[in-house]
There are 2 protein chains.
Amino acid sequence: MITIRDIAKRAGVSASTASRALNNNSRISEATIKKVKKIADEMGYLPDYNAKNLTNGEANAVGVVFPVGSETASNPFFINILSGINSELVKRQYSLSVAIANTDEALLENVRSMVVQGKIKRFILLYSKFNDAISEFLRENKLRFVVIGQPTSSNDFYVDNNNVEAGITATDFLLKKLHVKFPIFVESSNDWTYEQQRYQGFKKISNESLVDFDNVQVSSDNVEEIEKFIFEHPQIDGIVATDDFRGLRFLNYFKKIYPKKSLSIVGFNKSFPASLVQDNFHSIDVFPDQMGIKTVILLFSDRENQEINIKKHLIVSHKISDEIGF
Amino acid sequence: MITIRDIAKRAGVSASTASRALNNNSRISEATIKKVKKIADEMGYLPDYNAKNLTNGEANAVGVVFPVGSETASNPFFINILSGINSELVKRQYSLSVAIANTDEALLENVRSMVVQGKIKRFILLYSKFNDAISEFLRENKLRFVVIGQPTSSNDFYVDNNNVEAGITATDFLLKKLHVKFPIFVESSNDWTYEQQRYQGFKKISNESLVDFDNVQVSSDNVEEIEKFIFEHPQIDGIVATDDFRGLRFLNYFKKIYPKKSLSIVGFNKSFPASLVQDNFHSIDVFPDQMGIKTVILLFSDRENQEINIKKHLIVSHKISDEIGF
DNA sequence: CTGTTAGCGCCTTCAT
DNA sequence: ATGAAGGCGCTAACAG
């Protein structure tokens with residue numbers, strides 16, 4: 001292994017000068033900085049992270065925390081977020097360390113160990129919820145973290161879509177392009193913030209367009225309610241669903257009761273290949289990879305981008321697409 | 001921060017004795033080991049990973065490598081594998097470091113950096129393919145790694161399901177329980193090894209049961225072929241699909257042509273909530289979390305389990321379930 | 001069985 | 001602008 005002393009020797013300088021040169025220390029002359037870097041390059045020098053981390057008292061890693069419980073976690077777009085995150089981390093010579101567990105306690109223990117033993121100082125939370133022990137722990141320890149979704153504390157950094165706007169986009173498309181007359185908003189029974197916001201957008205456009213509308217919660221345990229709802233609303237001709245899966249489920253219930261009727265659908269997340277569904281199925285892409293990218297940018301804004309530095313959040317755009325596909 | 005010297009002082013021993021005691025070094029007496037550990041516990045001592053790693057020349061992290069390209073990556077069960085992996089890693093005081101990228105080159109660079117700069121010595125590959133630069137790099141550097149899926153080199157460690165058996169289970173269920181007379185095997189056009197193996201199982205049972213059968217590839221770009229196939233095989237009454245998505249897609253094509261007919265389906269991965277589909281839809285759970293767990297066990301078998309030590313692979317069981325759900 | 005000493009690779013204070 | 005020296009926390013060789 002080639003160390004900083006090796007380059008120092010070759011460059012005819014001391015190890016400390018070499019170290020400073022490689023870190024662009026202002027006290028070193030341009031000339032020697034250039035020389036040292038050139039030699040380091042030639043010799044294929046790569047710093048040892050563990051040594052660096054030990055002296056710095058800080059790891060070059062970001063902790064990425066998954067939500068507890070696979071309900072949410074089964075979402076394929078976590079992978080895309082990870083991919084976006086890592087693409088930005090490698091640029092900064094940082095690595096991606098994962099915290100994932102089945103219980104809140106185990107997860108907190110995982111994060112705590114990352115902080116205390118691993119010296120990790122920056123975190124990304126792939127979820128956001130109230131009274132979250134992880135967030136509280138990070139706040140107490142004054143560690144920088146960014147959540148994906150709406151923050152629960154006004155001081156938290158976050159990256160999110162504009163979900164009200166997304167709801168508007170979806171509903172607008174449904175009414176104007178697909179000429180739906182009686183739209184329904186299909187959500188989960190979890191009352192997620194992003195669902196509430198998309199519903200706001202839905203309601204706004206429906207009201208403006210003077211169409212009748214309604215909303216319904218589709219979850220595994222209220223099948224009869226849903227069927228009753230569909231039965232009582234035979235005029236439904238289109239839906240906005242808070243995710244593609246829920247939209248598809250509603251479609252299936254609907255088809256069961258009205259096999260001949262068809263439904264226009266706008267869902268979210270581009271979860272399916274276009275060919276999976278027969279009906280007029282559209283989906284809104286929320287660009288999870290972009291969310292990952294912006295999360296990292298925000299996470300490091302204290303050291304880097306001064307314009308962003310003041311901001312506490314970044315918004316990722318969305319786009320409706322006819323072609324749904326993996 | 002509380003260091004090993006602090007406990008040493010308090011215990012009235014030297015730092016090296018304290019270190020050895022905490023690592024259960026055989027040269028230290030039971031008495032002092034117990035005493036040192038007790039004090040360490042009281043003082044809430046937790047070792048600094050970066051310092052440990054520096055002296056050990058090896059990081060307490062496992063590199064988990066994702067496949068390039070989101071086609072495969074969109075599979076939600078990666079999250080479950082991660083969860084299984086991490087549950088075993090925390091027991092060993094190891095952390096999970098992710099390598100994920102959009103190109104082969106970037107991914108290799110990522111892994112290379114983990115090895116050279118991060119001193120990571122153990123890896124898990126969430127895929128398996130021929131002529132893989134990553135695997136070759138790891139082999140060259142004599143690093144221990146386990147692949148999930150069928151290995152491409154006979155020397156590689158791997159964890160997988162018994163996919164022939166799984167194909168048998170699926171087909172058996174379809175024929176014996178669901179009384180299907182003309183089953184079809186639905187696969188992708190990628191010719192994945194696990195698909196070939198499941199097809200073997202399918203063929204075996206179909207032959208034994210003396211039923212007619214056939215197979216078809218369902219991908220996005222051969223819609224006409226599929227429809228032609230369905231049109232020419234009106235007698236189809238059940239399918240085994242290599243994954244739930246593909247099964248659902250086939251069902252939709254089928255319904256388009258024969259709206260009145262119904263189909264029995266056995267898919268894989270438990271990707272959908274039961275209520276998502278109207279027809280007789282079953283799915284085989286391949287227990288991704290178990291795959292993660294066993295992968296780690298195998299990855300550390302050199303230091304730990306002597307029985308497993310000889311083995312180069314571990315097989316995870318599967319189970320067919322009527323209730324499909326998240 | 002235990003203590004002393006040195007060193008992993010890097011950074012940083014303190015000199016010059 | 002650069003060098004020398006010391007230390008981050010831990011482990012291991014060497015000594016007793």
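Every chain is numbered from 1, with letters handed out A, B, ... down the list of sequences.
- Rounding to whole angstrom units, CG of residue Leu54(B) and P of dC10(D) are separated by 12 Å.
- Note on Glu30(B) versus Lys34(B): no salt bridge recorded, every NZ/NE/NH1/NH2 to OD/OE distance being 4.0 Å or above.
- The distance between atom NZ of Lys9(A) and atom P of dA4(D), rounded to the nearest whole Å, is 13 Å.
- The interatomic distance linking Asn24(A) (CG) with dT2(D) (C1') rounds to 17 Å, in whole Å.
- One distance of note links CZ of Phe77(B) with CG of Leu82(B); it measures 11.0 Å at 0.5 Å rounding.
- Rounded to whole Å, atom P of dG7(D) lies 18 Å from atom CE of Met1(B).
- Per the geometry, CG belonging to Asn50(B) stands 13 Å off P belonging to dC11(C), to the nearest Å.
- Spacing between atom CD of Glu58(B) and atom P of dC8(C) amounts to 18 Å, rounded to whole angstrom units.
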- request: List the protein contact pattern of nucleotides 11-16 of chain D with one symbol per nucleotide (5' to 3'): B for base contact, S for sugar-phosphate-only contact, - for none; contact means a heavy-atom distance under 4.0 Å.
  value: BBBB--
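- At least one side-chain nitrogen or oxygen of Thr32(B) sits closer than 4.0 Å to the OP1 or OP2 atom of dT2(C).
- When the C1' atom of dG9(D) is taken as reference, atom CG of Leu46(B) falls 14 Å away, rounded to whole Å.
- Here dC1(C) presents its P atom at 14 Å from NZ of Lys35(B), a figure rounded to the nearest Å.
- Taking both residues in full, the closest heavy atoms of Asp6(B) and Met1(B) are given as OD2-O, 3.9 Å, listed atom of the first, atom of the second, then distance.
- Using modelled atom types, no side-chain atom of Ser83(B) and backbone atom of Asn80(B) make a donor-acceptor pair closer than 3.5 Å.
- With contacts defined as side-chain heavy-atom distances shorter than 4.5 Å, the pair Asp302(B)/Arg144(B) qualifies.
- The backbone N or O of Arg27(B) sits less than 3.5 Å from a side-chain atom of Asn25(B), completing a donor-acceptor pair.
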